[in-house]
2 protein chains.
Amino acid sequence: MTVIPLSSARRSSPRRRAPEIIEAAARVFAERGFHGASTQDIADVLGIRQASLYYYFASKEEALELVCLQGVAGYFEAAKAIASGKGTAADKLARLVKSHLSPLADRGDFVRVFLNERQHLPAESRRRIGKWSRGLERVFEEVLKEGVRRGEFRADLDTRLAVLALLGMANAVAGWHRAEEIAIERVSGEFARLIADGVLKRPQPRARARQAPRSAR
Amino acid sequence: MTVIPLSSARRSSPRRRAPEIIEAAARVFAERGFHGASTQDIADVLGIRQASLYYYFASKEEALELVCLQGVAGYFEAAKAIASGKGTAADKLARLVKSHLSPLADRGDFVRVFLNERQHLPAESRRRIGKWSRGLERVFEEVLKEGVRRGEFRADLDTRLAVLALLGMANAVAGWHRAEEIAIERVSGEFARLIADGVLKRPQPRARARQAPRSAR
DNA sequence: GCCGTTATCTATAGCTCAATAGGTAGAATT
DNA sequence: AATTCTACCTATTGAGCTATAGATAACGGC
């Protein structure tokens with residue numbers, strides 16, 4: 001018969017030794033977009049032939065999924081660890097921002113591809129990956145709600161909109177942090193301050209009352 | 001000879017009656033991205049044949065440029081009018097945000113295409129269009145600097161980073177304002193508040209000292 | 001009632017691209 | 001030493017896409 005049942009099982013295994021290949025894909029996808037990039041472009045980066053790529057992935061779309069997966073990896077876990085840890089809500093928020101921006105330094109291409117190209121994933125993997133995003137939003141929003149409950153944050157804060165604002169602001173960094181020559185550490189700090197205090201100057205606060213005045217929990 | 005000098009001059013004129021065509025292009029580009037969309041897709045939206053599109057534009061890239069132009073149109077002028085008008089810096093900032101978000105309501109597709117696809121424009125038109133962006137950033141930054149000078153805003157504010165944060169936050173709205181069912185008016189208000197005040201609750205300010213305590217100018 | 005213009009159409013050239021088939025040199029395994 | 005596996009290669013197919021060429025139907029002006 002025409003069946004070669006091994007091949008499909010085989011094909012999914014040798015991916016272990018392929019980090020270079022997906023890194024090249026990430027670079028190319030980040031630069032030209034998924035549809036704007038050809039598999040030839042990826043091969044050129046690696047110095048191999050176009051067809052040789054198919055030893056490492058079964059389709060261009062699978063390559064995109066692998067890149068996107070590395071683009072979100074760890075975000076949720078890191079955020080959850082911070083949210084369920086110690087500290088005031090304001091402290092947690094600052095640390096969330098910092099932790100959210102730090103991957104830009106060492107795998108910016110992956111993050112950019114996730115942010116800009118995930119829409120071109122086939123429906124199924126898009127939904128699978130989308131869950132991480134929504135989970136992350138939930139973690140951020142819970143910290144905001146906690147802050148409101150504890151009286152640290154404004155009672156009239158729309159936490160949903162605040163999350164979207166915050167993530168929009170943070171994710172946009174991926175778009176310019178190369179062109180602007182500035183360390184992400186610096187950006188994290190400034191953003192945390194901006195989110196907490198805004199731009200307005202206050203009639204200096206007598207006591208720096210950041211500790212929650214309400215009862216525990 | 002082989003020259004048909006009329007044709008190229010002709011080609012650029014009948015565009016007057018073509019708003020439907022670029023709107024269809026905007027919709028398709030917004031949905032699938034420039035490279036992910038085919039001219040066939042655009043024709044399908046309009047119910048005409050693929051080749052007929054070339055009566056309205058000379059190339060797919062020109063179509064993208066036309067869409068992008070409508071995606072930025074007016075932003076700079078509106079912002080400049082606000083910046084050079086009356087009011088406190090905080091008021092101006094709030095109005096800038098509102099004016100920046102309002103085009104999303106009636107030409108969201110154009111704005112989205114400008115934001116996400118302008119990178120795929122040919123170098124020349126990309127640079128031409130990029131000037132509007134940079135001009136807009138400058139207007140925003142000048143309002144921020146004015147606020148600092150007048151003592152309305154924090155003296156230690158990094159105005160460049162604040163602009164990027166603010167625009168990142170605002171531009172991200174294009175990505176979700178459909179899915180989240182919320183009026184942009186509402187978003188503008190909440191964002192303006194967020195930018196000014198941040199999320200923190202203050203030990204209630206005695207006097208709502210928003211008027212500049214410094215000398216005029 | 002002829003003529004130019006406008007807004008389409010059909011047909012197709014020419015190209016790029018993803019993906020498959022099948023081969024092979026060298027390293028590792030037995 | 002023979003065999004298997006790994007990491008490529010060459011060659012090609014077939015689909016899809018942009019853009020051009022040339023025809024035409026409807027219509028308004030003269």
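Throughout, a chain's letter reflects where its sequence line sits, starting with A, and its residues are numbered from 1. Predicted, not measured: the structure shown is a model, and the values here were computed from it.
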Practice task
Hey, which sits more toward the 5' end of DNA chain C by its nearest nucleotide, Gly36(A) or Ala51(A)?
Solution key: Gly36(A)
Completion exercise
Between Ala37(A) and Gly47(B), whichever has its closest DNA chain C nucleotide further toward 5' is Gly47(B)
Whole angstrom value for the distance that separates [atom2] of [N] from [atom1] of [X]:
| X | N | atom1 | atom2 | value |
| --- | --- | --- | --- | --- |
| Lys60(B) | dT20(D) | NZ | C1' | 17 Å |
| Arg49(A) | dT6(D) | CZ | P | 23 Å |
| Leu64(A) | dA18(C) | CG | C1' | 15 Å |
| Phe57(A) | dC8(D) | CZ | P | 13 Å |
| Leu53(B) | dT20(D) | CG | C1' | 14 Å |
| Ile48(B) | dA25(D) | CD1 | C1' | 16 Å |
| His35(B) | dC17(D) | NE2 | C1' | 13 Å |
| Gln40(A) | dT10(D) | CD | C1' | 13 Å |

Exercise for the section: Just call it for Ser38(A): base, sugar-phosphate, or nothing, with non-hydrogen atoms closer than 4.0 Å on any strand. Expected result: sugar-phosphate
Problem - Atom CZ of Arg178(B) with >12 non-hydrogen neighbours under 6.0 angstrom - result: no
Under a 4.5 Å cut-off applied to non-hydrogen side-chain atoms, are [X] and [Y] in contact?
| X | Y | answer |
| --- | --- | --- |
| Phe110(B) | Cys68(B) | no |
| Phe29(A) | Arg112(A) | no |
| Glu146(B) | Lys92(B) | yes |
| Asn116(A) | Phe34(A) | no |

Side-chain N or O of [X] versus OP1/OP2 of [N]: is the shortest distance under 4.0 Å?
| X | N | value |
| --- | --- | --- |
| Tyr54(B) | dT8(C) | no |
| Thr39(A) | dC17(C) | no |
| Tyr55(B) | dT8(C) | no |

Problem - Any donor-acceptor N/O pair under 3.5 Å between dA19(D) base and Gln50(B) side chain - result: yes
